[in-house]
Amino acid sequence: MFDPAFHHPLFPSLTRRHWLRTVAAATTAVAGAARAQAPQDKRKVTIAVGGKTALFCLPLTIAEQLKYFSDEGLDVELLDHAGGSLAQQSMLQGRADVAVGGLEHPILLRQRGYSCRAFAFLGRAPKVVFGVSPRVQPDVKALAQLKGHRAGVSAPDSLTHWFAQMVVARHGLSPNDVEYVGVGTSTAAATAVREGRVDAICSIDPVISMLEFRGDIRVVADTRSLRGTHDVYGGPMPGACLYAPQAFVVRYSQTVQALANAILRALKWLQTAGPSDIVRAVPEAYMYGDRAIYLAALEKAREAMSPDGMVSEEAVAVAHRILALYPPTGVTVRPQSPGATYTNDFVRRAKQRFQVSGIGAGVPPG
């Protein structure tokens with residue numbers, strides 16, 4: 001059937017049918033180009049963690065159990081590892097999109113040529129504790145007695161490993177004076193202390209509280225409170241964070257925003273959650289058979305939990321300074337721009353959405 005000529009002022013020689021086809025093709029091309037330039041979405045996300053049952057990961061647990069990830073359209077898988085260094089390795093090898101660990105991880109990765117950025121903070125203090133068995137060291141002030149002994153850490157090259165090295169260095173011991181053994185972050189770590197396979201331990205709750213409450217260790221350095229953190233580092237120190245390669249943060253910024261939204265909702269929920277709320281939300285297996293110790297450990301470290309997912313510039317500066325003063329064995333930490341290792345942008349937008357206000361930047365009470 002003949003299509004009468006359609007005289008469009010820009011295309012006078014096209015028929016109406018040809019003109020419509022041309023416009024449709026052009027529209028599709030423009031839309032495709034726009035999609036190529038716009039941030040992409042990734043609904044299936046794998047997060048590598050170094051100790052999924054540990055208290056520093058509690059906001060992740062809440063976001064998972066209360067379906068906050070699902071509410072953001074995300075299908076999140078938590079890939080559990082024995083320590084933060086193994087979680088980092090999982091991310092670098094492409095088995096995970098995002099990792100959870102201390103800000104030390106993005107800082108040290110930049111030293112090795114990997115550009116990674118933290119985008120949501122679970123804590124405003126590290127919550128890491130170094131303790132020594134009383135059978136080895138009756139006097140906690142005489143840490144030099146650890147020379148020639150073994151200390152348990154979550155995994156080699158993890159945050160707990162670096163923290164333990166820093167503590168013993170401050171007491172006059174060299175890195176080779178103590179042997180470090182990976183014991184994970186579960187009840188196996190507590191068993192290693194009780195059976196005498198390690199004489200000291202650097203770990204996190206609830207394992208530390210299980211050992212402390214039963215008299216199996218004496219605490220030497222404790223960052224479960226803002227005051228304790230200030231005593232150890234001389235200022236505020238960031239806690240655990242979600243971090244990812246910079247390329248992922250840029251390419252999948254909508255996904256990163258969705259993760260930040262879910263984490264902020266979890267942090268907001270935790271601000272007012274009571275013991276009964278925690279018991280209902282947290283899987284029983286995460287409490288290692290002792291609900292009372294788990295809840296007591298949570299209460300002790302509650303102020304170290306981030307209220308809003310953000311980190312202060314001062315805390316980031318302290319992290320860079322301390323790593324330069326006490327670099328991991330075999331690593332030289334060069335000066336770098338602190339702003340390249342983190343961003344508050346995603347959590348700041350989430351705060352506006354969920355009307356969350358900040359509650360301090362990690363300054364210890366007077």
Side-chain angles (χ1 to χ4, degrees), residues 46-57 60 77-123 125-130 150-169 175-176 178-186 188-189 192 198 200-205 207-208 221 223 233 237-246 248 319-320 322-333 336 341-342:
T46 301
I47 302 177
V49 300
K52 184 170 69 172
T53 61
L55 273 178
F56 80 90
C57 274
L60 274 178
E77 176 188 3
L78 299 182
L79 195 59
D80 198 18
H81 297 279
S85 59
L86 300 177
Q88 172 185 285
Q89 183 179 348
S90 181
M91 182 194 71
L92 294 179
Q93 293 177 347
R95 299 198 303 273
D97 304 299
V98 177
V100 176
L103 185 61
E104 295 86 347
H105 288 289
I107 293 174
L108 293 173
L109 281 172
R110 287 190 66 83
Q111 302 291 329
R112 297 165 51 193
Y114 296 98
S115 180
C116 293
R117 180 164 288 191
F119 59 86
F121 284 79
L122 308 180
K127 302 189 186 73
V128 180
V129 176
F130 187 88
R150 310 175 89 197
V153 296
S154 60
D157 300 321
S158 63
L159 172 59
T160 55
H161 188 185
W162 169 76
F163 187 88
Q165 288 181 316
M166 179 188 69
V167 171
V168 300
N176 296 326
V178 178
E179 181 184 356
Y180 297 98
V181 181
V183 294
T185 57
S186 67
V198 295
I201 188 169
C202 188
S203 192
I204 47 185
D205 270 328
V207 166
I208 283 293
T223 63
Y233 295 105
M237 185 74 171
C241 61
L242 271 67
Y243 67 97
Q246 176 67 6
F248 182 92
H320 280 259
I322 291 295
L323 274 175
L325 285 173
Y326 299 97
T329 303
V331 177
T332 301
V333 178
Q336 57 183 273
T341 55
Y342 80 103

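Only this structure's heavy atoms are used, side chains among them; waters, hydrogens and symmetry mates stay out.
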Check: Should we count OH of Tyr114 as having more than 12 external heavy atoms under 6.0 Å?
Finding: no

Margin query: Working to the nearest 0.5 angstrom, can you tell me the gap between Leu242 CG and Asp97 CG?
Written below: 11.5 Å

Item checked: Shortest non-hydrogen contact between His105 and Asp157, atoms and distance -> CE1-O, 4.4 Å

Check: Counting N and O atoms only, with roles assigned by atom type, does the side chain of Thr223 sit under 3.5 Å from a partner on the main chain of Val128, one being a donor and the other an acceptor?
Finding: yes

Next item on the list: Quick one: pull up CD in Glu77 and CZ in Arg95 and give me the separation to the nearest 0.5 Å.
Entry: 11.5 Å

Next item on the list: Report the residues that fulfil side-chain contact (heavy atoms from CB on, under 4.5 Å) with Ala54, sequence neighbours left out, ordered by chain and then residue number.
Entry: Phe56, Ile204

Notebook entry, point to check: Closest approach of Asp80 and Gly50, non-hydrogen atoms and distance?
Noted result: OD1-C, 4.4 Å

Next item on the list: Taking the side chain as every heavy atom from C-beta outward, state whether Thr160 and Ile201 have any atom pair closer than 4.5 Å.
Entry: no

Check: Taking it one step at a time, do Val167 and Cys202 satisfy side chain to side chain contact (heavy atoms under 4.5 Å, CB included)?
Finding: CA-CA 10 Å; Val167 171; Cys202 188; over 6 Å; no

Next item on the list: Tell me, with the steps shown, if Ile107 and His320 meet side chain to side chain contact (heavy atoms under 4.5 Å, CB included).
Entry: CA-CA 7 Å; Ile107 293 174; His320 280 259; 3.5 Å; yes

Check: With a 4.5 Å limit on heavy-atom distance, are the side chains of Pro328 and Leu108 in contact?
Finding: yes

Margin query: Side chains of Tyr243 and Tyr342, heavy atoms from C-beta outward: is any pair under 4.5 Å?
Written below: no

Item checked: Closest non-hydrogen atom pair between Leu122 and Cys57, with its separation -> CD1-CA, 4.5 Å

Item checked: Partner of Glu104 under side-chain contact (heavy atoms from CB on, under 4.5 Å), chosen from Ile322, Thr341, Leu323, Leu109 -> Leu323

Check: Where do Met166 and Tyr233 come nearest, in terms of heavy atoms and distance?
Finding: CE-CE2, 3.9 Å

Check: What distance do Thr185 atom OG1 and Lys52 atom NZ have between them, rounded to the nearest 0.5 Å?
Finding: 11.5 Å

Next item on the list: Go through the steps to decide whether Cys116 and Gln246 satisfy the test side chain to side chain contact (heavy atoms under 4.5 Å, CB included), and finish with yes or no.
Entry: CA-CA 5 Å; Cys116 293; Gln246 176 67 6; over 6 Å; no

Next item on the list: Search all heavy atoms of Ala244 against all heavy atoms of Met91 and return the closest pair with its distance.
Entry: CA-SD, 3.9 Å

Check: Shortest non-hydrogen contact from Ala118 to Leu103?
Finding: CB-CD1, 4.0 Å

Item checked: Non-neighbouring partners of Ala87 that pass side-chain contact (heavy atoms from CB on, under 4.5 Å), sequence neighbours left out -> Ala48, His81

Next item on the list: Tell me, please, which residues at least two apart from Phe121 pass ring pair (Phe, Tyr, Trp, His ring centres under 6.0 Å).
Entry: none

